[in-house]
Protein chains: 2
Amino acid sequence: MARAKKQSPMSKDSLLPLLARHVLAHGLGQASLRPLARAAGTSDRMLIYHFGSKNALIADLLSYLARAYAAALDAALGSARARSRAEVIARILAQGEVPEMQPYTALWWEIVAGCARGKPGFAPAAQAMIDELLDWLEGQMPADDPDPAGGARYLLTLIEGAMMLAAIGHGASARAGLDAGLLAGGRVPS
Amino acid sequence: MARAKKQSPMSKDSLLPLLARHVLAHGLGQASLRPLARAAGTSDRMLIYHFGSKNALIADLLSYLARAYAAALDAALGSARARSRAEVIARILAQGEVPEMQPYTALWWEIVAGCARGKPGFAPAAQAMIDELLDWLEGQMPADDPDPAGGARYLLTLIEGAMMLAAIGHGASARAGLDAGLLAGGRVPS
DNA sequence: AAGACGATGTAGCACTCGCTACATACTTGC
DNA sequence: GCAAGTATGTAGCGAGTGCTACATCGTCTT
């Protein structure tokens with residue numbers, strides 16, 4: 001009755017971390033079966049065997065990556081409230097510089113592009129990752145913020161815009177925009 | 001001396017619009033030589049002949065698309081100043097709904113993903129498109145805006161963040177964020 | 001012990017990829 | 001008219017794609 005059967009040393013659960021490591025390093029565009037299999041120490045045959053098809057593998061992988069991203073966020077970010085919205089932004093943008101987060105940001109735009117083209121499995125993963133970030137933002141909002149929920153979404157919008165501009169080499173515009181929007185204080189016209 | 005030689009009916013200039021139409025419809029991911037050639041009424045052989053390599057073709061194509069995007073923006077957008085920053089955002093987001101602009105937004109995220117992976121030719125095209133949008137935004141800023149340049153960059157950041165959230169199906173968060181950020185008027189904490 | 005069954009390797013299929021070699025037009029300069 | 005060069009078609013190469021057929025190996029049940 002002891003269910004402690006040796007079990008195969010290879011399963012979805014043991015494969016996914018290795019596959020994730022590979023796509024974080026090399027991107028989803030290069031994620032074809034044979035390179036993935038090599039990275040996981042197995043064969044394309046086995047990947048199909050375990051996941052059924054490449055599409056299913058990618059969907060499982062994205063879902064795993066969303067969970068891994070959540071774990072990385074939890075591990076790397078504090079949960080103390082900030083004193084101002086500007087400080088919330090500063091914290092998350094500083095976080096974007098941390099080396100272990102950069103593969104996620106590189107991968108992120110491939111996921112967004114996949115969403116825009118309607119690829120299956122992409123939208124749920126993207127939404128899960130944004131949900132996670134939004135949760136963290138809400139927890140960071142200053143205690144005296146007049147609208148923590150709306151403010152968190154406002155900051156989320158700014159953050160993602162700034163990350164996109166940074167990705168294409170327009171980071172200076174993003175910084176100027178954040179300064180103009182956040183540091184203008186009460187003088188921001190509607 | 002009459003330079004009106006018949007000239008070949010096929011050249012980069014005549015091919016690029018047809019190639020652009022194809023990638024706008026089907027995405028950069030499906031942009032391999034044979035489908036592109038079919039869309040342009042020629043052969044892969046001829047594409048290589050005219051552009052030298054696929055990389056060069058993509059680079060030329062992205063540069064052409066950036067110019068086409070600028071032309072589409074000019075044609076579709078007015079140049080009258082808005083009365084408020086919120087109105088500027090409303091105009092550009094309404095523009096995003098216009099059918100002839102949607103292929104560009106779908107393509108946009110593939111370009112961003114290419115930038116994030118350092119693909120050659122992607123960053124200049126992305127920067128050109130953002131420069132164009134930024135120019136238009138600066139021209140739209142209200143006459144009484146205290147900081148038109150910074151404000152335009154601020155709005156650009158918000159717009160791109162909102163478009164990204166919309167692309168992944170998180171448009172509601174983006175709308176809530178814009179409302180919280182722009183409609184709060186002078187009560188926005190810094 | 002025998003058979004069933006899950007796990008894995010090997011080989012390969014039909015296809016697409018970017019690109020090239022070669023042959024052939026067609027136009028142009030003399 | 002003829003050589004030269006430019007433009008185009010055909011065929012194919014070697015590599016990579018997702019995926020499958022088949023054989024095998026090992027464990028587990030009975």
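Numbers restart at 1 for each chain; the letters A, B, ... are given by sequence-line order, proteins then strands. Computed from heavy atoms alone, side chains included, the values below leave out hydrogens, waters and symmetry copies.
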Once you round it to whole Å, what is the distance between [atom2] of [N] and [atom1] of [X]?
{"X": "A:Met46", "N": "C:dA7", "atom1": "CE", "atom2": "P", "result": "9 Å"}
{"X": "A:Phe51", "N": "C:dA7", "atom1": "CZ", "atom2": "P", "result": "13 Å"}
{"X": "A:Tyr49", "N": "D:dG18", "atom1": "OH", "atom2": "C1'", "result": "19 Å"}
{"X": "B:Leu47", "N": "D:dT8", "atom1": "CG", "atom2": "C1'", "result": "12 Å"}

Query raised in the report: With distance as the sole criterion, is a donor-acceptor pair present between the side chains of B:Ser63 and B:Arg67 under 3.5 Å?
Result: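 Per modelled atom types, B:Ser63 and B:Arg67 side chains form a pair under 3.5 Å.
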Query raised in the report: With a cut-off of 6.0 Å (strictly less than), are more than 12 heavy atoms of other residues, nucleotides or ligands near CD of B:Gln30?
Result: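 Not buried by this count: 12 neighbours or fewer within 6.0 Å.
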Query raised in the report: A:Glu160 versus A:Ile130: any side-chain heavy-atom pair under 4.5 Å?
Result: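 Side chain of A:Glu160 against side chain of A:Ile130, heavy atoms only: contact under 4.5 Å found.
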Query raised in the report: Are B:Leu24 and B:Val98 connected in a single hydrophobic cluster, I mean Ile/Leu/Val/Met/Phe/Trp/Tyr linked by side-chain heavy atoms less than 4.5 Å apart?
Result: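 Different clusters: B:Val98 never reaches B:Leu24 through Ile, Leu, Val, Met, Phe, Trp or Tyr contacts under 4.5 Å.
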Query raised in the report: A:Gln140 and side chain to side chain donor-acceptor pair (under 3.5 Å): which partner among A:Glu87, A:Arg81, A:Arg91?
Result: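 Testing each of A:Glu87, A:Arg81, A:Arg91 against A:Gln140, the sole residue satisfying side chain to side chain donor-acceptor pair (under 3.5 Å) is A:Arg91.
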Query raised in the report: With the sugar-phosphate defined as primed atoms, P, OP1 and OP2, and the base as all remaining atoms, what B/S/- string results for nucleotides 12-21 of chain C, 5' to 3', for protein heavy atoms under 4.0 Å?
Result: B----BBBBB
Query raised in the report: So does B:His50 get a side-chain nitrogen or oxygen closer than 4.0 Å to the phosphate oxygens (OP1/OP2) of D:dA7?
Result: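 Answer is no, no contact under 4.0 Å.
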Report task. Would you please classify the geometry between the B:Trp109 ring and the A:Trp109 ring as parallel, tilted or perpendicular, with 30° and 60° separating the classes? Result ->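 Rings of A:Trp109 and B:Trp109: parallel, as their planes differ by under 30°.
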